[in-house]
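First listed ligand is number 1; within each ligand, the first listed atom is number 1. Residue numbers start at 1 and run along the sequence shown. All values reported here derive from a predicted model rather than from experimental measurement.
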Amino acid sequence: MHTAAKLYCTQILDELALDAFAFFGLKNIRYCCNFTGTDGVYLFARSNSWFLSDARYQQQAQQQVQADTLICYQHKFDALTALALAQDFKRIGFVAAELNVAEFCALRRRGAENLEWVAVEEKINALRGIKTSSEIEALQQAADLNAKAFATIESLIKPGVSEQTLALELEIALRRLGGEERAFDFIVASGPRGALPHGVASTRQLASNELVTFDFGTRVQGYHSDETITLGVGYVPVDLRRIYDLVLEAHDLALRWVKPGLSLAELDAVAREHITRAGYGENFGHGLGHGVGLEIHEYPSVSSRGKDQLQAGMVITIEPGIYLPGRGGVRIEDTILVTADGYRCLTQIPKQYRAL
Ligand code: ZN
Ligand code: ZN
């Protein structure tokens, strides 16, 4: 665990009168101790840390994991509760979303009824919300791959090509360039399908005189890229062209407001009001953006529900959209790093209107 995270976690242990944190989720485990396998538990206490995993992962854990003690278990929850009881722990923090109900019941049944489990989700979200320089470096590399990969498939974007072909070529290009895996099922939504904010690539073929939206990304060292561009195919009708300009204005306006201290809800409102004043408020049904890191969608949510404020070191998306059912849609998305005096854009593809 990096030093700032250690300090932060120790503070939270004190604040909530906890003896330890147990991390069951793979992203938090990776964040805390570098383990990239698919099963394990990381237990953090003031004076010691443990990583527990099964026999499949012993070698990998020895090579990767930063923890004081490595433990090999046969039954995860038995081993964890035995360890906690041996350490005389009474209250252990955990992230509720990392266990399902059956697992939580199993954890409480194993002779450890006196251990108290305390949900600490929001505190851990806040820790991961501020990126370290090495995290920012990986996020930047992933964003760079987006631009390089997209440049290689641009010549394929023309009437007659299917959305699925474009999604596949984009994915292959990202993998060839060194991206780890696609960040999510790519959205390639052309013509009327552009009105589906999550229109995963279909067999539809692009036609002339319509818009096409690409939302795609990859991963570098587990860190995601996320970017959306909307392009014209041939001459695009004036009403669609008008919504492109509006979405771009809302995107640019939001970027101008980004700085530490601004509330997440206020940032969402800046873009939303611009679109609403033009009469399309009902056609912008999702939040303005989200945090990006080891997860494609993570804390903070940039929406009217966002309770916190922007802070330097957050990496978030700005992605306003307008969707006209039966007609088409536009979304424009950049991933940015919040800096002390504003922002730095990690994604590189230019967002001014272009038609191919
Ligand atoms: Zn996206
Ligand atoms: Zn996004």
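- Side-chain rings of Phe35 and Phe51 approach one another, their centers coming within less than 6.0 Å.
- Taking the ring centroids of Tyr323 and His286, they lie under the 6.0 Å cut-off.
- If you look at Asp226 and ask which of its N, O or S atoms sits nearest the Zn ion (ligand 2), the answer is OD2.
- When OD2 of Asp215 and OE1 of Glu333 are joined through the Zn ion (ligand 1), the resulting angle is 100° to the nearest 10°.
- The only member of Ile336, Val315, Leu310 that meets side chain to side chain contact (heavy atoms under 4.5 Å, CB included) when paired with Tyr343 is Ile336.
- Residue His297: no N/O/S atom is found under 2.8 Å from the Zn ion (ligand 2).
- Looking only at its N/O/S atoms, Glu319 has OE2 as the one nearest to the Zn ion (ligand 2).
- Taking the centre of each ring, Phe216 and Phe150 come in below the 6.0 Å mark.
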